[in-house]
Amino acid sequence: MRTFWVVLCFSLLFAPIAQAEPHANVTLWYDKPAADWEREGLPIGNGAMGAMITGSVASDTIQFNEKTLWTGGPGSPGYDMGLAPQSQKEALVKVQALLNAKVQATPEEVAAILGHPVSGYGDYQSFGEIKLTFPNASDAPKAYRRSLDIARAVASVTYEDKGVRYRREYFASCPAGVIVVRLSASKPGKIAFTAGLTAPDNRSAMRTAKQGRITETGALKDNGLKYEAQLQVTAAGGSRRDNADGSVTIAGADSAVLILSAGTNYRMHYPDYRGADPHAAVMAKVDAAAKKSYTALLTAHMRDYSPLFNRVGFNLGGVLPDKPTDVVRANYGKGDEPADRALEALYFQYGRYLLLASSRAGSLPANLQGVWNKSATPPWNDDYHVNINLQMNYWLADLTNLPEAATPFYDFIDGLVPPGEISAGRMFGTRGWTVFLNTDVWGFTGVISWPTAFWQPEAGAWLASQYYDHYRYTLDKSFLQKRAYPVMKGAAELWLEALVVDPRDGKLVVSPSYSPEHGPFSAGAAMSQQIVYELFSETAEAARLAGDPAFAAKLDTAREKLDPGLAIGKWGQLKEWKEDWDDAKDEHRHTSHLYALHPGFAISPLTTPALAEAAKVTLKARGDSTTAHGEAGTGWSKAWKMNFWARLYDGDHAHLLLAQLLKENTMANLWDAYVGPPFQIDANFGSTAGMAEMLLQSQSGVIDILPALPKAWPQGSVHGLKARGDVIVDIAWNEGRATHVILHAGHDGAITLRTPLFGGKFTLTDAVSGKPVELTGTGERRSFTAHRNARYQLQFVH
Ligand code: FUC
C-alpha cells in the first residue's frame, strides 16, 4: 500500500513535467540520441556558456563551452596583435604607387611590400564535457524522444526502460549563470549514475570531488589562461559518493540535479586581457544555484527567457507533422505545404532562440559558431570574421526585437577601439581606429595570413555603421552620444586621413582595396567605397545630433570628393571594381559590392531604380539560387542573398533562397552548414533577418508593410517586429494582402507608411479609442503624427 502511494505521488509530481511540451510548432524533436555532435546535437546556452544535448541512454555526454576560453593572445609566443613592429606607412605608399602604375596587383606582390608574419592568433576552445554513465540502463529503451522547446529554452530526453519512464531536462539559465540538468523517473529509487568532467589535453587539469561538488582547475598550455569549472551533483533520496578520481556516484535516488558553471581569468581589456582568478565567481554561481530548488531555477530561467522570445510571433498557417524534425527537414519542398510553412516559421524562431542562447549581456558576442564548439582547432578558429559574418550575426537583433542580445557586440567593438587605434597609426599613420578581416578575443587588429589577401580595412567602418542603425531603431540619444558617435567618429577619422586621390578621375578612394576574399588588389573597389561613403553620411548625421557640427562639415566636404562605388558595367551589372572587370560567369560567394543595397541604404528600387536593376543583374549572375553550387552556395552567402532580394522587393526570389538553404545547407538540428559541415551560425541569423525583411522594411524612412511577400506565403501573421523610428509592427495577411496592421509607437513624431499592395485603400484609427487618425499623402505613401505609447490600427478595404 505504501508503495502505491509513493508511486502515485511520484506520478503526480512527474505529470506536469511530462506534459510540459505544449509548444509543438516551436519544438525540435528526434526519436534517437544524437550520433553526431555537429549535425544532430541540440544546443542550449545562456550567452556566456553553451552546451550540446546528445542524450544517449547508457552514457550521456554533455559537451560545454564558455566564451572566454581561447588560446592565443598575451602569453602565447610572439603575440603582436597582428601588427608589424614599425610603421607601415611607407610600405603602404609604395603599394599605392604600384596600383597607380599597374591598376591591379596580386596578393603576393602586395605582401612582398606590406606583409609580415603573424603569430599567437587564437582558437576558441571546448571547455570540456560532463560525462554521465548509467549502470542500470539497457541498450534498447522504448519511446525515446529528445527535444528542444525553443519557447522555454529547455531540452529534454525521455524514454522507458524496464517499466520505468525516465526524464532528463537541460537548460542554461542566464540569471543564474549556470547550466542545469535534472534526472527523474516515474518510480522512486531508480536514478543511479556516475558524473564526471573531462577536458581536452591542451591544458593542465586538476579534478577533485567533495560533497558532490566536482571542481576542475587548470590553465591552457598555450597562453597560461586560467580556467575553472564546478559541477554540483545533488540527489533526492538514495546515496551519494565522492570518488577519488574526481567523479561523483549517485545510487538509488528518486531524482538528481546537476549544476554547472565555468569561467576563466580572461578580461576584455587591452593590452593584458587578464582579470581575476575565476574561482570565486564560478563558486559563487554554483553555490547560489545549489541553494535553490530545481523549480525555482527553472521558473527564474523562463521568466528571463520567455518574455524576450515571445515578443515576436510568426505564423504561416502551417502545422508541423507529428514526425521528428530531421524527417520534416528532409521532406521539405516535397509537397507537404503546411509542413514546409511550419518548418520555415520554426527556422525563423530558431534564429532568435540561437541569438538569445549565444549572446547575452556581460559576455563576448556570438562567434562563427555562436557559443558552441567542441574542437581545439575549430574551422576558421571559430573567431570573429568582420567582412560579413559577425555583422550578419546581429542583423536580426533590432529587427526581431532582441536588442538586449546585441549588448555583447557593442561591448566587443568598443573594446577593439584601443588596439584598433594602434593599428590605424601603425598601418596607415592616421588617427582613428580600424580592424581588418577578422579578429579574436585578444585585440587582434592586424592582417592575418599574408600573402593571402585578408586586407579589409573598411571593416571598422562597417561595424561602426551597425551602431548607428541601432540608434535609428531606438532613437536612443544617450546610446548615440555615448556609444555610437565615438566609435563612428574614430572610424571616420581614419578614412578622412587615409583616402587618396585616384589619378584616373581625381576622386577620393580607398587604396589598396580588396573586394572581400576575391580581389585583385586595386584602388577603390565598390564595397570599400560604399562603406566609407555610408560611414561619412551617417557620421555627419550623428555628429549634428551629438552637437559636433564642425566634424559633420569636414565629412560633408570629403564626401563630395569621394567615389561612391556605385557604377553600372558593360553587361548591366553593378561593378565590383572601379575597372569593368566583372565576369558574368563568376559565382564567387561574396557579393559585397551590393553592400549599398543591404545592409546599406544607398540602393533602393524606390530611389535608385537603375542601380536596383543593376544589382539584380549582378545577383542573377553571381549564383542565382537556381544555379548556386559550391562557392555561391555557402549558407551565409544564400542568407545574404535572401536579404538582397527582399530589399529588391522580390519575395519569390528571397523565398527560393530560403528553400535552398533549408534543402542544402541545413542539418538535422537546423543548424546552418557552410557547404555540408562545418556548422557556421551566420546563415541561421542572416536568414531569420531575411525573412523579417520580406515582411517589414524601414531603411528608407518609410515603414514598408509586406514589401517582399512570396507567393508561397499567401496567408500568415507576424507580431512584434521592429521598424526604425522605434515602432513595433504587427501584421496579418490573407491572399497575399495585408488585412490588419497594428503600429505601436515608441516616440512622438511623424510615421510614413508604404503599402504597395493595397491600392491606398485603408483607414487608420487609434487602436484604443477607435477614433480615426488623419492621414496625409497619396498613393503608396501616407503619413500621420504618432504619439508615444499609442497604438494605431490600419484596416484595409480590398
Ligand atoms: C568569410 C567567408 C568564408 C567563411 C569565413 C568564416 O571570410 O568568405 O566563406 O565563411 O568567413
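Numbering of ligands and ligand atoms starts at 1, following listing order. The shown structure was predicted, so the numbers you read here are calculated from the model rather than taken from an experiment. Residue numbers start at 1 and run along the sequence shown. Values below: all heavy atoms of this structure, side chains included; hydrogens, waters and symmetry mates excluded.
Heavy atoms only, all atoms of each residue included: F412 and L364 are closest at CD1-CD2, 3.9 Å. Heavy-atom minimum distance, N373 versus Q125: ND2-C, 3.7 Å.
Listed by number with element, the atoms of ligand 1 under 4.0 angstrom from any heavy atom of L368 are 6 (C).
Y674 OH, 2.5 Å is the protein heavy atom nearest to atom 9 (O) of ligand 1. Of the protein's heavy atoms, E517 OE2, 3.2 Å lies nearest to atom 1 (C) of ligand 1.
Between W380 and ligand 1, no pair of N/O atoms sits closer than 3.5 Å. Polar contact with ligand 1: absent for D682 (N/O pair, distance under 3.5 Å).
Donor-acceptor pairing under 3.5 Å is lacking for the side chains of Y227 and E66. For the residue pair D383/N438, the side-chain donor-acceptor check at 3.5 Å is satisfied.
Taking the charged nitrogens against the carboxylate oxygens, E517 and R589 do have a contact shorter than 4.0 Å, which makes a salt bridge.
Two rings, from Y410 and H470, have their centers less than 6.0 Å apart.
Taking a 4.0 Å cut-off on heavy atoms, T634 fails to register as neighbouring ligand 1.
Nearest residue to atom 2 (C) of ligand 1 from H590, H385, Q680 is H590 (criterion: closest heavy atom).
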